[in-house]
> 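Below is the structure I would like to discuss, written out as structure tokens.
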Amino acid sequence: MIKMGTRKVAFVAFLLLDIITIHVLAECTCEPEENEGKKSEALKYKLIALASILVAGALGVCIPFIGRVVPALSPEKDGFFIIKAFAAGVILATGFIHVLPDAFESLTSPCLKEHPWGDFPFTGFIAMVATMLTLLFETSSAAYQLRSHESRTALKPDDGYGDEERNPQHMGQVAAHTHATHGHAHGSISNLSQVDRYRIVSKVLELGIIVHSVVIGLSLGASESPKTIKPLVVALTFHQFFEGIGLGGCIFQAEFKSLAATIMGACFSITTPFGIVIGILVTSSYKEDSSTALIVEGVLNSASAGILIYMALVDLLSPDFMNPRMQKNKLLQLGSNVSLLLGAGLMSLLAKWA
């Protein structure tokens, strides 16, 4: 009797296990989903998304430049530190909460072959490699800029003093001149170095954001479900606006010429709408559950996540939070910390609808 009871229990357990397995496999099907709405209605929401994301991105990237009109928001003021902390929190949350989970989902999808995609954590590996490549690119670019600056300084002609500086009769005059002008000269060298660093940072940051923006734009444009597109319109509009603030701050501090700054801002603003247009054009042939689409999206999102996380922590947060000006000002430090948490928190909340 005990054996019979044990067999029944085992049978029921195996039956339940089979039911659970069938249910899980049913959820992991790679068959195309049924269209939940009319294509014309989906297209209407896609066009709304295209317009709102374009405007939001342009506004976001322009906000840091308001500092030229509003003195309180200029880089010399404390308010700029708080804005940058908010933007860095947005970019950090984008990498951790939005991009990296999407990459994990793509590269661990049951629609991919178990070998090799199930044998190795490719998502984390690609993100790590992208982070290291970003570091190598930044350091090599900074070293090149430094060597170029030193070579230009070495080849610079005399200031016109020549042997007069060695003449004791002119020592007082020369010393006075040096004292009056070298402060500005040293400041210029320091500013040039800082500007060069921000130029490198802004270019790498824009690359990371653009890669991710193309992927999400393509996914939205290829979707034919109004139910899926509706919440994405609001979420991606705010997403693009906040990212624009972060990128705009870096472009502003890099002191690019007006044309270069405009091109960088325009490229950021049109990237997601461009992805949406491409998605609309390839709707009939694009299959988001195909192995090719999953691998491409997963690899690009993994690399983008690594770049964004590195940029937020190393290039945006660390220099400002370790700045003596912030560390000596408790109110500024508190405001920047709150702003950082607010930016990361708001961006994380958007993951619920994105």
Side-chain angles (χ1 to χ4, degrees), residues 31-63 65 87 90-91 93-94 97-99 101-103 105-106 206-248 251 261-290 292-294 296-298 300-301 304 308 346-354:
E31 295 298 319
E33 294 181 4
E34 243 179 75
N35 192 353
E36 297 180 17
K38 297 178 180 179
K39 290 184 179 180
S40 58
E41 187 181 358
L43 180 61
K44 179 183 73 174
Y45 286 115
K46 290 176 190 178
L47 295 176
I48 293 172
L50 191 151
S52 63
I53 290 171
L54 178 63
V55 172
L59 284 175
V61 82
C62 288
I63 280 180
F65 291 86
V90 167
I91 292 170
T94 299
I97 307 299
H98 291 260
V99 189
D102 287 346
E105 186 178 353
S106 296
E206 178 150 18
L207 174 64
I209 292 175
I210 281 178
V211 169
H212 171 56
S213 297
V214 170
V215 172
I216 60 176
L218 182 62
S219 300
L220 188 150
S223 175
E224 294 184 353
S225 169
K227 186 179 177 181
T228 302
I229 298 171
K230 280 182 185 178
L232 283 176
V233 175
V234 178
L236 293 181
T237 298
F238 281 102
H239 182 281
Q240 198 78 350
F241 177 74
F242 291 145
E243 277 190 347
I245 294 175
L247 179 62
I251 295 174
T262 303
I263 291 173
M264 290 186 73
C267 285
F268 163 76
S269 302
I270 66 172
T271 301
T272 303
F274 177 75
I276 294 173
V277 172
I278 298 298
I280 293 172
L281 294 176
V282 301
T283 298
S284 57
S285 59
Y286 179 80
K287 300 292 182 284
E288 61 179 10
D289 288 328
S290 68
T292 303
L294 288 169
V296 171
E297 287 184 15
L300 290 178
N301 276 334
S304 178
L308 293 177
L346 288 175
M347 201 64 181
S348 299
L349 284 175
L350 290 179
K352 181 180 178 181
W353 296 281

> My understanding is that only one of Leu218, Asp102, Val215 makes a side-chain contact (heavy atoms from CB on, under 4.5 Å) with Leu300; could you say which?
Val215
> Testing Val55, Leu59, Leu236 for side-chain contact (heavy atoms from CB on, under 4.5 Å) with Phe241, which one passes?
Leu59
> Would you call Met347 and Phe238 a side-chain contact if the rule is heavy atoms closer than 4.5 Å?
no
> Determine yes or no for a side-chain-to-main-chain donor-acceptor pair under 3.5 angstrom, with Thr271 supplying the side chain and Ile210 the backbone.
no
> Looking at NZ of Lys46 and CD1 of Ile276, how far apart are the two atoms once the value is rounded to the nearest 0.5 Å?
9.5 Å
> Let me confirm one number: the SG-CD1 distance from Cys267 to Ile270, rounded to the nearest 0.5 Å.
5.5 Å
> In Å and rounded to the nearest 0.5 Å, what is the SG to CD1 distance from Cys62 to Ile251?
9.5 Å
> Consider side-chain contact (heavy atoms from CB on, under 4.5 Å). Of Leu247, Thr94, Val214, which one does Ile209 pass it with?
Leu247
> Could you tell me the separation between the OG1 atom of Thr272 and the CG atom of Leu50, rounded to the nearest 0.5 Å?
9.5 Å
> Suppose we screen for side-chain contact (heavy atoms from CB on, under 4.5 Å). Which residues come up paired with Ala103, at least two apart in sequence or across chains?
Thr123, Asn301, Ser302
> Taking the six-membered ring for Trp, are His98 and His239 parallel (under 30°), tilted (30 to 60°) or perpendicular (over 60°)?
perpendicular
> Please name the pair of heavy atoms, one in Pro273 and one in Ile53, separated by the smallest distance, quoted to 0.1 Å.
CD-CG2, 4.1 Å
> Return the minimal non-hydrogen interatomic distance between Gln240 and Ser269, and the atom names on each side.
NE2-O, 4.3 Å
> Using every non-hydrogen atom in the two residues, find where Ser52 and Thr237 come nearest and quote the distance to one decimal.
OG-OG1, 3.0 Å
